[in-house]
Amino acid sequence: MMAWTPNWTRLTSAAELALDRTLTCGQSFTWTRLPSGIWYNTLRLPGHAVPVLLRTHNDEVQFRSFGSPRSQAQFQQPVPKTPLPPTQYLVAPSRDPAAVVAPSHDPVYLLLHDYFQLSYSLPALYLDWSTRDPSHFAHVSPLVPGIRLLRQPPVETLFAFICSANNNIARITGMVQALAMRYGECVYPGGLLDIGGEEQALPPMYVFPSMDRLVQSADEIEGVLRGLGFGYRAKYIAATVKTLGGLGGEAWLVGLRGKGYAEVRDALVQLQGVGRKVADCVALMSLDQPGAIPVDTHVWQIATRDYKFKPSTKSKSLTPTTYDEVVKLFQTLFGPEAGWAHSVRSIACFFIITRCAAFSLTREHRSCSRPTWRATLATRNPNPRLPQLRQDPQPLPISQVNPRLFQNQRPHQRRHQRENARPQQQRRRQFG
DNA sequence: CCTTGACCTGGTCGT
DNA sequence: AATCGCAGGTCAAGC
């Protein structure tokens, strides 16, 4: 049974879901933003994957998908990796009113409702977290409304976050999409689509490969991914494919939903390339653990700087012990959805710095904010032919910015880091 | 326990 | 034009 929603249909209000923020903040790497502001991705329904488009229009978030029995049948044939002439594949979406089903029975609507966790009321959550943390969350969260935690497919989330080690959003996005192009199924070959009377050019779309497909390629995958520039992560991915395949594949991973946090974490960290941080990302963003808090160096800074966190041991760095203590700090503060709350809080910090760097800060501040942070949003879209992400035109008043956010980003400290790092580099050279 | 260093790569920054 | 430091970590090895 084919399922698609040919006309723009309301998903939720813009207040409940800020698309641009939610899809660029580093939790999903599979959405792409078109120049028109429309986002596209391929999502799985039982039996097949569908291309989905999202947009914000008239104060609401709308979706549509497209496809047709004829085009779907064609997609089951092997599809070349380069786009074919649009007319060869694309079938105009049906305008037949009978094809439009009520949203509550529309499988794509239900899929998106689940994916964006729309059963949570976001303003209510923000209010609760602001009450719990009046001095920080309440201060910064109004600047970044509408950030929802996604409930993503566990397999692609796992592999995406294995790629995230020692990496940045732009490159992770490229790697995840490379994985989809190499092993995933082509769901849409690319072409022109008629959207509300306007023709929109869409690139080919590939769905993230199934676990079965990856297991089939287990022996070659490390070499292939190294060739694609995955670096040492290629080995982790190949090993995790084999281990996960042996444990029961996708069913085993999805089966972790509904288990307790400790069990989920322990299950994940037995996979290669999955430490605590990656495990917490996967648990939080795909396995129904809204209390899981991924602690990275950035979060560590926030904890020690803004929340005056003092580790119980003499440890000066992020160790398993201090990791647990930071988690406990934020879980106590924010309650059951602490992971979600903390994500919003971190993203707020990130956005403040990005926007201030672009619009409002003095030259000194501009130079302190990390270049990669500035660049991340602009380069979120890996397709160089597409325009860069639009910056928010509203400058952020400097008076709203907590100056402490910049404490660890001062130029003299960067210089200091450079000088410290130099001897290490020389030592490594002697080996080569 | 905690600390340290290696690990791939690509875009950026400063000579 | 060539270089160097770095990025939202993980793992193994040595205290």
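Each chain gets a letter, A, B and so on, in the order the sequences are listed, and its residues count up from 1. Hydrogens, waters and symmetry mates are skipped; everything else that's a heavy atom, side chains included, is used.
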Look at the aromatic rings of Phe161(A) and Phe29(A) and report parallel, tilted or perpendicular, splitting at 30° and 60°. perpendicular
Is there a side-chain polar atom (N or O) of Ser164(A) under 4.0 Å from OP1 or OP2 of dG8(C)? no
Please pick, from dC7(B), dT3(B), dG8(C), the nucleotide with the shortest atom-to-atom distance to any side-chain atom of Tyr232(A). dC7(B)
Against Asp114(A), only a single residue in Arg257(A), Arg151(A), Arg148(A) fulfils salt bridge (charged side-chain N to carboxylate O under 4.0 Å, His left out); can you say which? Arg151(A)
DNA chain C: Asp296(A) or Tyr236(A), which has the more 5' nearest nucleotide? Asp296(A)
Kindly indicate whether the side chain of Tyr323(A) and the base of dG9(C) share any N or O donor-acceptor pair separated by less than 3.5 Å? no
In a check of ring-ring contact (aromatic ring centres under 6.0 Å, His included) between Tyr126(A) and each of Trp340(A), Phe334(A), Phe137(A), which one passes? Phe137(A)
Which part of the nucleic acid does Lys314(A) contact within heavy-atom distance under 4.0 Å: base, sugar-phosphate only, or nothing? nothing
Could you please name the partner base of dC1(B), counting Watson-Crick and G-U wobble pairs only when both distances are under 3.5 Å? none
It should be established whether Thr297(A) places a side-chain nitrogen or oxygen under 4.0 Å from OP1 or OP2 of nucleotide dG9(C). yes
Value in whole Å for how far the P atom of dT9(B) lies from CG of Leu228(A): 11 Å
Among dC8(B), dC2(B), dT3(B), which nucleotide has an atom closest to any side-chain atom of Thr313(A)? dC2(B)
N or O in side chain of Arg226(A) less than 4.0 angstrom from dC8(B) OP1/OP2: yes
Closest-nucleotide mapping onto DNA chain C: is Arg171(A) or Val274(A) further toward the 5' terminus? I mean the 5' end. Arg171(A)
When all nucleic acid strands are considered with a 4.0 Å heavy-atom cut-off, which category describes Leu225(A): base, sugar-phosphate, or nothing? nothing
What integer distance in Å separates Gln301(A):CD from dG9(C):P? 11 Å
Separation of dC7(B) atom C1' from Arg233(A) atom CZ, nearest Å, is 8 Å
Please determine, for the side chain of Lys277(A), which listed nucleotide (dG9(C), dC8(B), dC2(B)) has the closest atom? dG9(C)
Take atom NZ of Lys316(A) and atom P of dC1(B), then tell me their distance rounded to the nearest Å. 22 Å
Write down the distance separating the P atoms in dA13(C) and dC8(B), rounded off to the nearest Å. 16 Å
Provide, to the nearest angstrom, the distance between the CG atom belonging to Leu318(A) and the C1' atom belonging to dG9(C). 10 Å
Do the ring planes of Phe63(A) and Tyr109(A) sit parallel (below 30°), tilted (30 to 60°) or perpendicular (above 60°)? tilted
Classify the ring geometry between Trp31(A) and Phe116(A) as parallel (under 30°), tilted (30 to 60°) or perpendicular (over 60°). tilted
Spacing of Met285(A) atom CE relative to dG8(C) atom C1', expressed in whole Å: 10 Å
Describe the nucleic acid contact of Val295(A) in one word from base, sugar-phosphate, nothing, applying a heavy-atom distance below 4.0 Å. nothing
For dT3(B), does either OP1 or OP2 sit under 4.0 Å from a side-chain N or O belonging to Ser315(A)? yes
